[in-house]
Student: 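Structure incoming, see below.
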Amino acid sequence: MKNHCAEHTRSHEFVCFACNELMCSRCTINHNNDHPDHVQQYDHIDNIRHYLNNLNLSESDNSKNNNNSYNVNNKDNLHLKAIWETLKTSTSLYQSLSATEDEIKQHFEQLHQYLVIEEHKLRGPIINDNDTIINQIDSNINQLKYIVNIINLNNKLNNKLEYNSIDNNDDSQSITEDTTEQYSTTTIMKSIISSSSLETFISDNNQTLFNDDHDPFNIDELIKQYNNDSSSLLLDIIHKYNNQFNMTTEINDNNNNNNKTSSIQSLSYKLKIKQPDFNQLNSIINRSIKLNRVVESSLLTTNNDDNKSSYIFTTHRSRGATLINTSNNNSIEQLDLNYDFYNTYQSIVSIGEYIYVFGGSDNPKKWMKFSMKSKSIEHIGDFKGIKGDRYFPVCYDGQDHIYLVIDFPKVKIDRFNINTMTFERYYQLPDEYDDQISAMIFKGSLYSISYKENNILKLDLVNSTITNHQIDIAPFRSCHDNNGNFFIYDEVTKRLIKYNVESKQSSNLEPIPKENECLFLIYHQESPTSSFIYSFGGVRQGNFKYSVEDDDWKSFLEDDKFDREWCASTSIQY
């Protein structure tokens, strides 16, 4: 790569991030004429160096650097934040998948050598996925190391001894033995988990992964190769980084980083185990354990073409719905559906591009299927084979069935097959159970919250056995995250808690800021690191938004014109 423009015999001063082309000042005129759509996508080396000089890893989103015009900062900030979020998500997912793998392994160890083949058939997908995750982590670490080396090179070119928050010469730190183990993916993942931020991760590994002694750029030799022109040297190294890590492709894909983290996060498995009858081993083996992905997609590709957005679908009493695109600054689209949604609270579930709503005041024996693709109701059907009702909780098992927890005249669990669009009776609960307000299927069991009772029922969908969780709150309203956590509100004590069905532990959350006797809650995850609880009361009761990460309530949709009390709302990715 020459460090001068061959046509104009001038030093390169600009880089176009749309086509990854280096240019001198004369070249920019022709480039603007040939590519007018690229004019906002290239920058001068002075701006780039100014950005690098002022970069602060503790604020990797650089939301405060409004005066910086460097395009990488404006669009991807050298992908630092995206890489870090992906590393955190990948590592957490790896641990979750490994726990599932161990559970499978323990089950098959009871069956000894007869089940070795079956064991490997089921462990195989998880092992392959974890291998893919390890490869992705290694790739992201290599990117991170390269970026840090660029930053350090820039500092050396400026005769600086340290770079903002990266201090590789801190004498107060203990000496870490430089061994092969320090560079293993397992050790790196442990460090990622224990690090509270990207800055601390780099600092904790500054004697190994990010050691100056391992810097691939020999500055004395390199500067000679570029005739002591440090700007050309830096531009060329950035150019090589872009080529090596496909920077151009990622910059052109505005949603790519969100897709990488969301696709990684959405990978999970549902494991069902049933202890076999050893007297009938041959016939039971295939029924004793099943492993299914909860979400089907090409989840571990770095270039995800799905480009899914995150929405909230919230209905109202004017026979319509409001579609809120939380991936696009909460942009709103009003839908006139001519369908009555009153008293359908909790009787709604989203699956792929579809939203299903069951029952209601005017439609106690009907159900409807809404398509996000067509933005219209695709089907309205009758409850055939079961009795209908209003405001009963429903939940999806991740495969073929939606389960309906109907409490009239007695609490029973029916289910709806989304493929055949038929209903069937499933389970009759004992008389001791009454109204239910929220239901979730998690790891092969259906959990349901009892109205104003200190109790959560657990129905094992494999063995059809019931157990109870005792809780210290009387639920009035509830929602869940489909991942083992209920968010429960008590109207008497005004408490809001998060309850985990695995650990059976609860934690208090920030109280809801406004009393609302018709309070209704839904959980919505906007990104791998950002999740919320929404309360939709509409024009009379108000709408509120709670950040799970920040433990903070705020008003939302303040100019709402619709009455949303007792009407259905759901979160959907499409």
Student: Can you sort out the partners of Ser376 under side chain to side chain contact (heavy atoms under 4.5 Å, CB included), two or more places apart, ordered by chain and number?
Tutor: Ser374
Student: May I ask you to say whether Glu353 pairs ionically with Lys308, meaning some side-chain N is under 4.0 Å from a carboxylate O?
Tutor: no
Student: Would you call Lys366 and Asp382 a salt bridge, using N to O less than 4.0 angstrom?
Tutor: yes
Student: When you check the side-chain N and O atoms of Thr326 and Ser310, is any donor under 3.5 Å from an acceptor?
Tutor: yes
Student: Side chains of Arg564 and Asn543: is there a donor and an acceptor less than 3.5 Å apart?
Tutor: no
Student: Quick one: do Lys443 and Glu502 make a salt bridge, cutoff under 4.0 Å?
Tutor: yes
Student: Taking the inter-plane angle between the rings of Phe556 and Tyr534 on a 0 to 90° scale, is it parallel (under 30°), tilted (30 to 60°) or perpendicular (over 60°)?
Tutor: perpendicular
Student: For the residue pair Ser569 and Thr314, confirm or rule out a side-chain donor-acceptor distance under 3.5 Å.
Tutor: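 The answer is yes; a qualifying pair exists.
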Student: Just by distance, with hydrogens left out, do Asn485 and Tyr523 show a side-chain donor and acceptor under 3.5 Å apart?
Tutor: no
Student: Salt bridge check, Lys373 against Glu378: does any charged N sit closer than 4.0 Å to a carboxylate O?
Tutor: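 Lys373 and Glu378: not salt-bridged.
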Student: For residues Arg415 and Tyr403, is any side-chain donor paired with an opposing acceptor at under 3.5 Å?
Tutor: yes
Student: Measure the acute angle between the ring planes of Tyr499 and His469, then classify it against the limits of 30° and 60° as parallel, tilted or perpendicular.
Tutor: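 Plane angle over 60°, so perpendicular.
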Student: Distance alone, cut at 3.5 Å: any donor-acceptor contact between the side chains of Gln436 and Ser450?
Tutor: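 The criterion, which ignores hydrogens and geometry beyond distance, is satisfied for Ser450 and Gln436.
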Student: Taking the six-membered ring of Phe532 as reference, does the NZ or CZ atom of Lys545 fall below 6.0 Å from its centre and within a 45° cone about the axis?
Tutor: yes
